[in-house]
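These notes are about the structure you will find just below.
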Amino acid sequence: MPATCPMGKKDKSPTAPPAPGPASFPARLGLADLGRVASALKAQAAAERAAAEARRREAARIRAEADIFLREVADVTPLPPTGRREPETRHRTPRARQRERDEQEALAQSLSDEIGIEQLLEVDEQLSFRRAGVGADALARLRRGEWTVQAQLDLHGLRTDGAREQVVYFIGQAHRAGLRCVRVIHGKGLGSEGRQPVLKDKVPRWLHQQQEVIAFCQAPPFAGGAGALLVLLRQASKPGGSSRDTSSRERPGRAR
């Protein structure tokens with residue numbers, strides 16, 4: 001007995017997918033289209049042949065120039081190897097030199113010739129000064145002339161204004177160059193008017209006002225004696241680092 005569906009409806013079986021129709025093909029090219037394709041292929045082939053010919057000519061030119069060079073240097077004897085290395089070039093950070101000069105000029109104009117520093121100086125055989133934080137051993141070595149003098153400034157023949165500017169410029173440049181110990185020759189004043197030591201009294205005052213200076217003292221006899229000062233400079237800070245001074249080994253109660 002054939003099966004019937006509820007509600008009196010006939011059972012519908014799944015329908016099979018429709019049979020595929022005939023495959024679709026692109027429309028046929030006309031004669032005009034074929035002509036354009038043929039022209040494009042010819043143009044491409046011509047361009048490729050031209051490029052190949054250009055490469056061939058360039059290679060021939062390079063070989064010809066190489067042959068000429070070899071003929072010219074045929075009688076040259078090569079130098080024997082020396083084993084030397086070419087120096088490596090290091091990138092230098094650009095410096096604003098004009099701004100540095102402006103700052104030094106402004107600092108020179110701001111230095112006082114009359115500032116009182118007598119209470120900060122120790123007057124003995126060798127006039128000396130050191131900032132707070134600078135170890136006494138560093139100053140003692142400076143007094144004995146154990147620090148290597150890396151540069152010096154001679155102020156002979158300069159008047160006060162010119163000498164002040166030279167001191168500021170010299171100390172600033174020495175500090176930027178990473179120098180630690182320099183000498184400033186102020187003379188004994190024997191050639192000054194009235195034989196009075198003008199610069200000898202003013203140079204210590206100028207040095208005290210420059211933050212790059214952490215200590216100074218009268219030079220020992222073999223380094224200039226009473227006519228010069230040995231100056232210890234603060235350690236220059238490295239890029240991105242601190243400016244911690246290796247001379248600061250103790251913290252005295254007052255500057256000397």
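Heavy atoms only: backbone and side chains are in, while hydrogens, waters and symmetry mates are out. Since the structure is predicted, the reported quantities are computational estimates derived from the model, not experimental observations. All residue numbers refer to positions in the sequence shown, counting from 1.
No more than 12 heavy atoms of other residues, nucleotides or ligands sit less than 6.0 Å from atom CZ of Phe69. Counting heavy atoms of neighbouring residues, nucleotides and ligands inside a 6.0 Å radius, atom CZ of Arg159 does not exceed 12 of them.
Taking the side chain as every heavy atom from C-beta outward, Phe216 and Pro204 approach each other to under 4.5 Å. Using a 4.5 Å heavy-atom threshold, the side chains of Phe170 and Val167 count as separate. With contacts defined as side-chain heavy-atom distances shorter than 4.5 Å, the pair Val198/Thr160 qualifies. Residues Arg183 and Leu153 fail the side-chain proximity criterion, which asks for heavy atoms closer than 4.5 Å. Val149 is not listed as a side-chain neighbour of Val182, based on a closest heavy-atom distance of 4.5 Å or more.
The two residues His175 and Leu233 have their closest heavy-atom pair at N-CD1, 3.9 Å. Nearest heavy-atom pair across Gly178 and Ala236 is CA-CB, 4.4 Å. In plain terms, the two heavy atoms of Ala223 and Ala228 that are nearest each other are O-CB, 4.2 Å. In plain terms, the two heavy atoms of Phe222 and Arg144 that are nearest each other are CZ-O, 3.7 Å.
For the pair Arg56 and Glu53, the salt-bridge criterion is met [side-chain N within less than 4.0 Å of a carboxylate O].
Not one N or O on the side chain of Arg143 forms a donor-acceptor pair closer than 3.5 Å with the backbone of Pro220. Between the side chain of Arg234 and the backbone N or O of Gln211, at least one donor-acceptor pair lies under 3.5 Å. A donor-acceptor pair under 3.5 Å is absent between the side-chain atoms of Glu146 and the main chain of Leu142, judged by distance alone. Without hydrogens or angle criteria, Arg49 side chain to Gln44 main chain gives no donor-acceptor distance under 3.5 Å. The backbone N or O of Leu139 sits nowhere less than 3.5 Å from a side-chain atom of Trp147 that would complete a donor-acceptor pair.
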Legend entry - Working for side chain to side chain contact (heavy atoms under 4.5 Å, CB included), residues Val213 and Trp206: CA-CA 10 Å; Val213 176; Trp206 300 337; over 6 Å; no
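Atom SG of residue Cys181 and atom CZ of residue Arg141 lie 9.5 Å apart, to the nearest 0.5 angstrom. Remark: His186 NE2 to Leu207 CG distance equals 9.0 Å, nearest 0.5 Å. Annotation: the span from Leu232 atom CG to Glu212 atom CD amounts to 12.5 Å, rounded to 0.5 Å. How far CD of Glu72 is from CG of Asp75: 9.5 Å, rounded to the nearest 0.5 Å. A distance of 12.0 Å separates CD in Glu165 from OH in Tyr169, rounded to the nearest 0.5 Å. Rounding to the nearest 0.5 Å gives a distance of 9.5 Å between CG of Leu155 and CG of Leu229.
Partner of Ile214 under the side chain to side chain contact (heavy atoms under 4.5 Å, CB included) criterion, chosen from Arg180, Gln235, Arg130: Arg180.
Residue Leu70 is grouped with residue Val76 when hydrophobic side chains (ILVMFWY) are merged at heavy-atom distances under 4.5 angstrom, including chains of intermediate members.
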